[in-house]
Amino acid sequence: MGQGARCWYRDGDDALIRRDLDGLTAIYHRSSGMTHIADSPVPEILDALTSDPQPLEAIRTRLAEDFDLLDGPDPHGLEQHLEGLVTLGLVRVTD
């Protein structure tokens, strides 16, 4: 399949423990035992994902609707964020 068929998803709600820290978010990933410190739009992206794989445009639409991010992140920037989260193990991808 081509790159347009890529879909992103996350593990269930219990896979991550999140805490706000003065404008940042600490994200503890249970399966790896690692803690990540993130800034916007990472927490919003994680909130927009579900355990069902979604294409990029569906994630972007949900971000726009739920978080009033109409002007960003742009599709290319969003894809870069998603791929970074895949590298960290916080997000999964299908082809």
Side-chain angles (χ1 to χ4, degrees):
M1 288 184 178
Q3 189 161 348
R6 293 174 67 87
C7 293
W8 290 267
Y9 64 102
R10 62 175 170 79
D11 292 330
D13 290 336
D14 61 340
L16 302 176
I17 299 172
R18 293 172 30 178
R19 298 290 183 263
D20 291 328
L21 301 171
D22 296 325
L24 298 174
T25 301
I27 304 166
Y28 176 71
H29 187 231
R30 288 181 190 257
S31 64
S32 71
M34 294 184 69
T35 300
H36 306 276
I37 304 297
D39 195 4
S40 184
V42 171
E44 293 86 352
I45 291 170
L46 291 172
D47 286 342
L49 293 170
T50 67
S51 57
D52 295 320
Q54 303 170 71
L56 185 65
E57 195 54 41
I59 299 165
R60 186 176 193 286
T61 298
R62 181 142 185 223
L63 284 167
E65 291 173 355
D66 292 355
F67 301 102
D68 197 27
L69 296 175
L70 295 174
D71 296 325
D74 65 89
H76 183 67
L78 175 56
E79 188 170 12
Q80 287 179 334
H81 278 293
L82 288 165
E83 290 302 327
L85 293 170
V86 168
T87 300
L88 293 174
L90 300 176
V91 172
R92 300 180 188 272
V93 65
T94 65
D95 285 314

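The first residue in the sequence is number 1, and the count goes up from there.
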Cys7 and Pro55: which non-hydrogen atoms are nearest, and at how many Å? SG-N, 3.7 Å
Rounded to the nearest 0.5 Å, what separation is found between the CZ atom of Arg6 and the CG atom of Leu82? 9.5 Å
Closest heavy-atom pair, Pro43 versus Asp39, reported as atoms and distance to 0.1 Å, is CD-O, 3.3 Å
Over all atoms of both residues, closest heavy-atom pair of Glu44 and Phe67: O-CE1, 3.5 Å
Which heavy-atom pair separates Thr35 from Ala26 by the least distance, and what is that distance? CG2-CB, 4.4 Å
Between Asp11 and Leu16, is a side chain to side chain contact (heavy atoms under 4.5 Å, CB included) present by the stated rule, with each step listed? CA-CA 8 Å; Asp11 292 330; Leu16 302 176; over 6 Å; no
So with a 6.0 Å cut-off around CZ of Arg62, is the heavy-atom count from everything else above 12? yes
To the closest 0.5 Å, what do you measure between NE2 (His36) and CG (Leu88)? 5.0 Å
One should read off an interatomic distance between His81 NE2 and Leu63 CG, to the nearest 0.5 angstrom, of 10.0 Å
Does the side chain of Leu49 come within less than 4.5 Å of Tyr9's, by heavy atoms? no
Please check if any side-chain donor atom of Glu65 sits under 3.5 Å from a side-chain acceptor atom of Thr61, or the reverse. no
Hey, could you give me the CZ/CD distance between Arg10 and Gln54, rounded to the nearest 0.5 Å? 9.0 Å
If you group Ile, Leu, Val, Met, Phe, Trp and Tyr by side-chain heavy-atom gaps below 4.5 Å, do Val91 and Tyr28 land in one group? no
Do Leu56 and Trp8 have side chains that approach each other closer than 4.5 Å (heavy atoms only, starting at C-beta)? yes
Interatomic spacing from CD1 in Ile27 to CD1 in Ile17 - rounded to 0.5 Å: 12.0 Å
Compare every heavy atom of Leu90 with every heavy atom of Leu46, then report the nearest pair and how far apart it is. CD2-O, 4.3 Å
So CD of Glu57 and CG of Leu78: to nearest 0.5 Å the spacing works out to 9.0 Å
